[in-house]
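Below, all heavy atoms of this structure are taken into account, side chains as well, without hydrogens, waters or symmetry copies.
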Amino acid sequence: MKKTKPLKRMLGVSFVALLLGGAVTFAFWHVQADEIEKAGTSEDLITSNKTWVDAKTEIPLTNDIHFVTQKKGTSVKIVGDGDLQIEVVDTQLLKEMADENPDFKGIKKYRLRVEADRVADYLNNERYVFPVEHGYKGLSNYQISAGERKIRSADKAIALTKKNTNWAVETTLPVEYSDDLAEDAVDVLKMNVSSGKLEMDDSFCADYKKVEAHAKMFRYNFTVEKNSLLVFKSEEEVQIDEPIGIEYLMK
């Protein structure tokens, strides 16, 4: 019986060595993965955004009004910092916008600047239906049962400064939640909504008598179910307005 002790000791040492070997291998691969992971640079973002324009991607003006970049009376480009800049003087498009939204009535030129980080989202704006998924916070379970995302214009105008024919806006626009439940759902369900703020600093030349600036945003409108482990259940429609740029109505 005594002869089996060295064998047991060897097996025990081998088992520990295997565990350590596994841990070392895991740590090694984990470090390697961290080392080779590469974040996109601002140059990568600008190049990506230019690809959308070069590919003649259809441009949304509203949720239902779009145009292709070759259309006469329109200008679409990626400016130096990667922002998307759109200008429209085409009377047909302006009329369609005015028929859809009274705020556009009487405009002679429409200008839109979309933040660089949101260009891909804006140009690929399918009517977004939220997937049914769960998220947990404390004793509550959150789930989206239905919803969609639409492009909209903010009702409240943004202050502009004017010097001769130069117009300028410098503003910070926060994400707006309809209530606490909406804000909790964004956090718990890890929805693709910026928790930060949009900071826009834009200036341009225009000899129009009146120029109005409004936030351009995504409106997330969905129904969220909140179930508590304490047998409490509620269902409520909530909204989130996320600014993605600024639009200008020139009259």
Of all heavy-atom pairs between R111 and D202, which one has the smallest distance, and what is that distance?
NH1-OD2, 2.8 Å
Are Y177 and M217 grouped together when hydrophobic residues (ILVMFWY) are joined by side-chain heavy atoms under 4.5 angstrom apart?
no
R219: side-chain hydrogen bond (donor to acceptor under 3.5 Å, both in side chains) partners, not counting sequence neighbours:
D241
Testing the basics here: between R152 and D155, what is the closest heavy-atom pair and its distance to 0.1 Å?
NH2-OD2, 3.8 Å
Could you tell me whether the side chain of D121 reaches within less than 4.5 Å of the side chain of I244, counting heavy atoms only?
no
Set of side chain to side chain contact (heavy atoms under 4.5 Å, CB included) partners for T165, sequence neighbours left out
C205, D207
K162: which residues meet the side-chain hydrogen bond (donor to acceptor under 3.5 Å, both in side chains) condition with it, sequence neighbours left out?
none
Using the rule that Ile, Leu, Val, Met, Phe, Trp and Tyr join whenever any side-chain heavy atoms are under 4.5 Å apart, tell me whether L61 and V89 fall into a single cluster.
no
Applying side-chain hydrogen bond (donor to acceptor under 3.5 Å, both in side chains) to N166 and not counting sequence neighbours gives none
Determine the minimum heavy-atom distance between P174 and K197, stating which atoms define it.
CA-CG, 3.8 Å
According to salt bridge (charged side-chain N to carboxylate O under 4.0 Å, His left out), who are the partners of E225, at least two apart in sequence or on a separate chain?
none
Is the shortest heavy-atom distance from the side chain of F104 to the side chain of L249 under 4.5 Å?
yes
Parallel, tilted or perpendicular: which fits the ring planes of Y136 and H134, with parallel below 30° and perpendicular above 60°?
parallel
Kindly list each side-chain donor-acceptor pair under 3.5 angstrom involving residues 73-82, sequence neighbours excluded, with atom names and distances?
unit_1, atom_1, unit_2, atom_2, d
T74, OG1, K71, O, 2.5
D81, OD1, D83, N, 3.1
D81, OD2, R113, NH2, 3.3

Donor-acceptor pairs under 3.5 angstrom involving side-chain atoms of residues 50-58: please list them, not counting sequence neighbours.
unit_1, atom_1, unit_2, atom_2, d
T51, OG1, T47, O, 3.0
T57, OG1, W52, O, 2.6

Partner set under salt bridge (charged side-chain N to carboxylate O under 4.0 Å, His left out) for D99, not counting sequence neighbours:
K95
Residues R149 and E242 bridged, charged N to O under 4.0 Å
no
Can you name the closest pair of heavy atoms from K216 and S153 and give their distance?
NZ-OG, 3.7 Å
Under the side chain to side chain contact (heavy atoms under 4.5 Å, CB included) rule, collect the residues that match up with K210, sequence neighbours excluded.
E212, K251
Taking all atoms of both residues into account, what is the closest heavy-atom pair of M191 and A185, and its distance?
SD-O, 4.1 Å
Compare every heavy atom of K226 with every heavy atom of S140, then report the nearest pair and how far apart it is.
OG-CE, 3.5 Å
Does H214 reach the main-chain N or O of E247 with its side chain, forming a donor-acceptor pair under 3.5 Å?
no
Between D201 (side chain) and E170 (backbone), is there a donor-acceptor pair under 3.5 Å?
no
Under 4.5 Å between side-chain heavy atoms, counting indirect links through other Ile/Leu/Val/Met/Phe/Trp/Tyr residues: same cluster for L93 and I107 or not?
yes
Give the other cluster members for Y248, using side-chain heavy-atom distances under 4.5 Å between Ile, Leu, Val, Met, Phe, Trp and Tyr residues; answer none if it is isolated.
I158, L160, W167, V169, L173, L198, M200, F204, Y208, V211, I246, M250
Check side-chain hydrogen bond (donor to acceptor under 3.5 Å, both in side chains) between T62 and all other residues, then give those that pass, not counting sequence neighbours.
E100
If you define the side chain from C-beta out and look only at heavy atoms, does anything of I240 sit under 4.5 Å from V175?
yes
Any residue meeting side chain to side chain contact (heavy atoms under 4.5 Å, CB included) with D187, in chain and number order, not counting sequence neighbours:
none
Kindly indicate whether the side chain of F67, heavy atoms from C-beta on, has any atom under 4.5 Å from the side chain of I86.
yes
